[in-house]
Number of protein chains: 2
Amino acid sequence: MTVPDRLPESDQRPARAPRSTETVYARLKQQILDNRYPPGAQILESEVATELNASRTPVREAFVRLQQDGLLEIVPRHGVRISALSPDDMREIYEVLMSLEPTAVELLAARRPDRTELASLIEACDAMEAALQGEPDLHAWAAADESFHLNLARLCGNKRLAAMIMQVWDQAHRARMFTLSLRPLPIKSTAEHRAVVEAILAGNCERARDLYFIHRKRGGHELTAIIERHGIQRL
Amino acid sequence: MTVPDRLPESDQRPARAPRSTETVYARLKQQILDNRYPPGAQILESEVATELNASRTPVREAFVRLQQDGLLEIVPRHGVRISALSPDDMREIYEVLMSLEPTAVELLAARRPDRTELASLIEACDAMEAALQGEPDLHAWAAADESFHLNLARLCGNKRLAAMIMQVWDQAHRARMFTLSLRPLPIKSTAEHRAVVEAILAGNCERARDLYFIHRKRGGHELTAIIERHGIQRL
DNA sequence: GTGCGCATCAACGTATACGTTATTGGACGC
DNA sequence: GCGTCCAATAACGTATACGTTGATGCGCAC
């Protein structure tokens with residue numbers, strides 16, 4: 001162990017060979033989110049390794065990261081199991097989001113951003129509205145919704161907060177996709193997003209926070225209602 | 001026929017061999033929190049491996065987990081560097097805690113727990129008060145403080161929320177220890193903890209949440225004031 | 001037919017080997 | 001003297017080998 005006098009400056013390197021671990025992690029995560037590995041599925045290290053043309057070592061490393069992301073569980077000597085969300089898990093996730101996301105909105109609003117800085121949010125609102133014009137395109141709407149929330153997290157100026165929001169957001173991704181066609185048309189939700197952006201632009205932190213909290217709370221209620229109505233136990 | 005979950009308490013059956021990865025992770029984490037590896041320090045996989053009598057494989061796995069905990073950074077081809085907290089990191093951490101911990105208090109209060117359920121919190125309050133009687137024992141106080149907050153996270157009934165609180169709490173551990181002797185005697189802080197417990201017992205969710213928020217906010221201000229006053233850039 | 005026990009095996013957990021890359025020190029030229 | 005280039009080396013990233021463990025299936029006893 002050495003303690004350098006100065007921290008090494010973060011110089012940008014020209015080109016860096018992409019690490020296998022990174023590829024495996026990204027692709028596995030994508031496949032889990034896309035439901036290609038359904039919840040409850042058991043996966044073997046060697047299967048993934050051969051499928052992704054890698055050895056078990058980077059696969060294991062990716063598994064460890066995905067476990068901390070809450071997307072799978074490593075069961076010793078049994079391989080890994082893709083996490084399934086119970087209704088109770090959904091409650092937890094929405095409680096966390098109801099805490100973190102309004103805070104993110106408040107922090108963002110307090111910085112008094114102009115329209116330029118909020119471009120990604122405004123575009124997402126536009127895209128949500130466009131997706132509901134005429135024949136509704138629910139997947140386009142969901143993509144815009146996701147973009148809105150991820151950009152909100154990014155813009156809040158707190159990397160830890162952003163990372164935490166994205167983490168639980170990813171955990172709930174499959175559930176959102178699943179309930180997408182079961183919920184009422186998200187017209188109100190779309191309007192709420194727009195209202196939050198306007199409140200931020202108006203510099204009204206309190207209002208932005210409250211609007212967002214209500215939005216999140218309603219979304220959570222809608223989701224849990226669907227889950228209960230359909231008696232879904234695992235997703 | 002199902003096998004009992006728990007092994008017999010007598011040591012007739014040897015306990016399941018703990019995995020090396022787990023040991024390495026736990027010991028490394030402890031050493032980082034105890035400041036045995038100071039912030040900014042560069043560590044080599046092979047050093048840790050020989051020191052802990054393990055091979056590089058479990059060490060790498062522990063590194064990956066510790067990186068996601070935010071306690072170190074893996075710099076490709078350069079080993080790992082123990083994370084150093086900037087004043088900005090402290091801001092981030094306290095913003096997160098100011099969001100999550102009041103939520104945890106509110107959730108706990110909403111469950112209307114009795115004194116028995118809150119025993120660990122009450123004991124922590126007692127311990128904090130005891131540590132300030134006569135000659136103040138700051139380390140004992142800090143341990144009780146830590147116990148209070150971790151138990152609060154545990155009791156709130158939301159595992160994800162608890163894990164997130166503990167994660168950032170650990171990140172700030174060294175900073176708290178460092179500033180322990182620089183801050184005023186935590187008499188007020190101790191009283192605030194007690195007040196929160198009383199509000200929870202009284203079933204007053206709003207009050208419990210608000211009290212806690214104020215407590216956390218004051219703690220954050222104290223810490224940042226110390227950091228600024230001493231011109232600390234990295235800790 | 002049922003249940004217990006042993007053997008076989010599959011998959012993991014860990015160790016180690018190998019190739020790659022970035023750094024460092026020295027030599028050479030200016 | 002100083003800067004540049006090259007070679008040696010250290011450390012990582014990945015692959016692979018090895019031992020361990022829990023599971024599965026078959027046979028035998030009852």
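Each chain gets a letter, A, B and so on, in the order the sequences are listed, and its residues count up from 1. Only a predicted model underlies this, so the values are computations on that prediction, with no experimental measurement involved.
- Using a distance-only test at 3.5 Å, with no hydrogens or angles considered, no donor-acceptor pair links the side chain of B/E45 to the main chain of B/G79.
- Atom CZ of B/R27 is surrounded by 12 or fewer heavy atoms from other residues, nucleotides or ligands within 6.0 Å.
- Of the residues in residues 68-75 of chain A, none lies under 4.0 Å from DNA chain D by heavy-atom distance.
- In this structure, the CZ atom of B/R77 is 11 Å from the P atom of C/dT23, given to the nearest Å.
- For B/E22 and B/R65, the salt-bridge test passes: some basic side-chain N is under 4.0 Å from an acidic carboxylate O.
- In this entry the distance linking CZ of A/R19 with P of D/dA15 reads 14 Å, nearest Å.
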Show the atom names and distances, to 0.1 Å, of all donor-acceptor pairs under 3.5 Å that link a side chain in residues 149-159 of chain A to residues at least two apart or in another chain.
residue, atom, partner, partner atom, Å
A/H149, ND1, A/E101, OE2, 3.4
A/H149, ND1, A/Y212, OH, 2.5
A/H149, ND1, A/R216, NH2, 3.4
A/H149, NE2, A/D145, OD1, 3.0
A/H149, NE2, A/H193, NE2, 3.1
A/N151, OD1, A/R154, NH2, 2.7
A/N151, ND2, A/S147, O, 2.9
A/N151, ND2, A/S147, OG, 3.2
A/N158, OD1, A/R160, N, 3.1
A/N158, OD1, A/L161, N, 3.0
A/N158, ND2, B/E92, O, 3.1
A/N158, ND2, B/E95, OE1, 2.8

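- Of all the heavy atoms in B/F63 and B/V80, the pair that sits closest is CD1-CG1, 3.4 Å.
- Comparing C/dG13, D/dT14, D/dC12 by their closest approach to the side chain of A/P76 singles out C/dG13.
- In the helix from C/dG1-D/dC30 to C/dC30-D/dG1, the end axes, each obtained as the rotation axis mapping the C1' atoms of four pairs onto the next four within a five-pair block, lie 0° apart to the nearest 10 degrees.
- Note that CG of B/L97 is 8.5 Å distant from CE of B/M90, once rounded to the nearest 0.5 Å.
- C/dT23 atom C1' lies 12 Å from atom CD of B/Q42, rounded to whole Å.
- Distance CD/A/Q171 to CD1/A/I93: 5.0 Å, rounded to 0.5 Å.
- Among residues two or more places apart in sequence or in another chain, the side-chain hydrogen bond (donor to acceptor under 3.5 Å, both in side chains) test is passed with A/E106 by A/R209.
- Residue-environment remark: CZ (A/R91) exceeds the threshold of 12 foreign heavy atoms within 6.0 Å.
- In this structure, NE2 of A/H78 is placed 12 Å from C1' of D/dT24, rounded to the nearest angstrom.
- With values rounded to the nearest 0.5 angstrom, A/Y37 atom OH is found 13.0 Å from A/Q42 atom CD.
- Within 6.0 Å of CZ in B/R111 there are more than 12 heavy atoms belonging to other residues, nucleotides or ligands.
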Tabulate protein N/O versus nucleotide N/O from nucleotides 5-10 of chain C, keeping only pairs under 3.5 Å, one per line.
none

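- No donor-acceptor distance shorter than 3.5 angstrom exists from the side chain of B/R60 to the backbone of A/E61, with no hydrogens or angles considered.
- Proximity of residues 46-61 of chain A to DNA chain D (heavy atom under 4.0 angstrom from any strand atom) is restricted to A/A54, A/S55, A/R56, A/T57, A/P58.
- For the pairing with B/R234, the side chain to side chain contact (heavy atoms under 4.5 Å, CB included) check across B/S83, B/S86, B/P87, B/P39 returns one residue only, B/S86.
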